[in-house]
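Lettering of chains follows the sequences in order, A, B, ..., and the numbering in each one begins at 1. Computed from heavy atoms alone, side chains included, the values below leave out hydrogens, waters and symmetry copies. Being a predicted model, the structure only gives us computed values, none of them experimental.
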There are 2 protein chains.
Amino acid sequence: MRPADKSAPQPPLGAPGYVVLGMVRLGARSGYEIKQMVELSIRFFWTISQVQIYPSLEQLEAAGFVNGRSEPQGKRPKRVFEITPKGEKALRQWLGHPDPMPFELRDLGLVKLFFGDALDHSEAVELLDAVKKRSEDRVSMLRAIESAADVAGTEGNVYPLLTLRMGIRFHQAMIDVCREFEQEILE
Amino acid sequence: MRPADKSAPQPPLGAPGYVVLGMVRLGARSGYEIKQMVELSIRFFWTISQVQIYPSLEQLEAAGFVNGRSEPQGKRPKRVFEITPKGEKALRQWLGHPDPMPFELRDLGLVKLFFGDALDHSEAVELLDAVKKRSEDRVSMLRAIESAADVAGTEGNVYPLLTLRMGIRFHQAMIDVCREFEQEILE
DNA sequence: TTCTCCATGTAAGTAGTTACATGATTGG
DNA sequence: CCAATCATGTAACTACTTACATGGAGAA
């Protein structure tokens, strides 16, 4: 019979945990702020629901990767966190580890396009336009964020800019392919 | 007390159901063939596990969207399906409906890149390379499929080619951005 | 005869979501 | 005082996955 000591089998931190850790490192202090920062920065390629954040924070604290303290605003409860050196190290290790980085795209728009031959010409073009427009909207939205300069409100961080650019180019590519195809089928 | 008549509250067909329906339309006859066709065609932006396919087929049959019959190979059981006119219509309707087409990307590679500033220079570049390489692999894989010509083994369908091209351009864009960024940080 | 492919199915589990609940603070 | 925002939490559910089970057919 094993004693339930304090270094008990901590479930290994999953991806959501590291995402939360990374956001704390970038200056998001509370669960609420983390959620906001995710929405403003990585939501293009990663989402996290409010519900997952708080347990992750607890787990991170138990592992010693973040320090938390209560900082109630009047009677409203609030816990604020900061990353520890141990946490920094764990984050770097995770980032450095070449474990599989699955690229998962799940897009009904492309699925519908794939089946586009089932439609007659005009309807198919409408569908194509819808997909194109969606990307156009995304591009302008991302460009707006880009203009808003300091992406995550953090100084000295250049990589967020990289991923932002990817989002833009990404959807720009989709727009381009749509346009080209539209040209082609106009014969 | 409602009688359980044959037009009983059929659960509305979800996305997986329509994907299966579309694949049947393109000539995939059995559950097994559907799975294969998905892997060869849309797996870049949609996945479906074997487990979901068979129930979907039953649902489609109950709705009258496909006709199924048993066609055992020797003693090995096998059900083959073909789409009905009603099914064709339902598919077209779904394709035409401008219901939301969520574009969901879930990519740990980009997440890690986003946090890249936590790493020191050389490690960050390694990460960047890893992401780049991943896309390069994808591109060459997709180009191979492209060469293999008739994408889904179907004649007269041009849209599968469109989505294939998207995949290529898509990852090409990622490669480009990686390269550009690598240049930039070499100062 | 052994391996790979064809073909379907069941059972259990995980990851994630939505919906709901609560209430305090801030700004107009 | 009313709305929007800040802040956390709980409970129930859905979608999807992995692992396992079975076995015939065809090829080497």
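Of the residues near DNA chain C, B:Glu33 and B:Arg106, the one whose nearest nucleotide (by heavy atom distance) lies more toward the 5' end is B:Glu33. Nearest-nucleotide mapping onto DNA chain C: of A:Pro77 and B:Ser30, the residue sitting toward the 5' end is B:Ser30.
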Query raised in the report: Yes or no on salt bridge (charged side-chain N to carboxylate O under 4.0 Å, His left out) for B:Glu82 and B:Arg29, after CA distance, side-chain angles and deciding distance?
Result: CA-CA 7 Å; B:Glu82 53 184 17; B:Arg29 294 156 32 87; over 6 Å; no
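Within the nucleic acid shown, B:Gln36 comes within 4.0 Å of sugar-phosphate atoms alone, with no base atom in reach, counting heavy atoms only.
Shown for residues 49-70 of chain A: residues whose heavy atoms fall under 4.0 angstrom of DNA chain C, namely A:Ser49, A:Val51, A:Gln52.
Across the protein-nucleic acid pair, B:Ile34 atom CD1 and C:dG9 atom P stand 12 Å apart, rounded to whole Å. Between B:Arg79 atom CZ and C:dG9 atom P there is a gap of 9 Å when expressed in whole angstrom units. Counting to the nearest Å, the P atom of C:dA24 and the CD atom of A:Glu71 are 19 Å from each other. Distance CH2 (A:Trp46) to C1' (C:dG16): 11 Å, rounded to an integer number of Å. Atom OH in B:Tyr32 sits about 19 Å away from atom P in D:dG23, given to the nearest Å. Straight-line distance from the CD atom of B:Glu39 to the P atom of D:dT17: 10 Å, rounded to whole Å.
A salt bridge links B:Glu136 with B:Arg179: at least one charged nitrogen is closer than 4.0 Å to a carboxylate oxygen. A salt bridge between A:Arg165 and B:Glu184 is present, with a side-chain N of the basic residue lying under 4.0 Å from a carboxylate O of the acidic one.
Using the six-membered ring where Trp is involved, B:Tyr18 and B:Trp94 have ring planes that are parallel, under 30° apart on the 30 and 60° scheme. A perpendicular orientation is assigned to the rings of B:Phe170 and A:Phe103, their planes being inclined by more than 60° (bins at 30° and 60°).
In the hydrophobic cluster analysis, where Ile, Leu, Val, Met, Phe, Trp and Tyr join through side-chain heavy atoms closer than 4.5 angstrom, B:Ile34 is grouped apart from B:Val51.
Counting heavy atoms from C-beta outward, A:Phe81 and A:Leu57 have side chains that approach closer than 4.5 Å. Contact annotation: the side chain of A:Glu61 never approaches that of A:Asn67 to less than 4.5 Å [non-hydrogen atoms, C-beta and beyond]. Here the side chains of B:Val158 and B:Leu162 are not in contact, with every heavy-atom distance at 4.5 Å or above.
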Please enumerate all protein N or O atoms sitting under 3.5 Å from an N or O of nucleotides 25-28 of chain D, with distances to 0.1 Å.
residue	atom	partner	partner atom	Å
D:dA25	OP1	B:Lys75	N	3.1
D:dA25	O4'	B:Arg76	NH2	2.6

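Nearest nucleotide to the B:Lys78 side chain, out of D:dT17, C:dT8, D:dC6: C:dT8.
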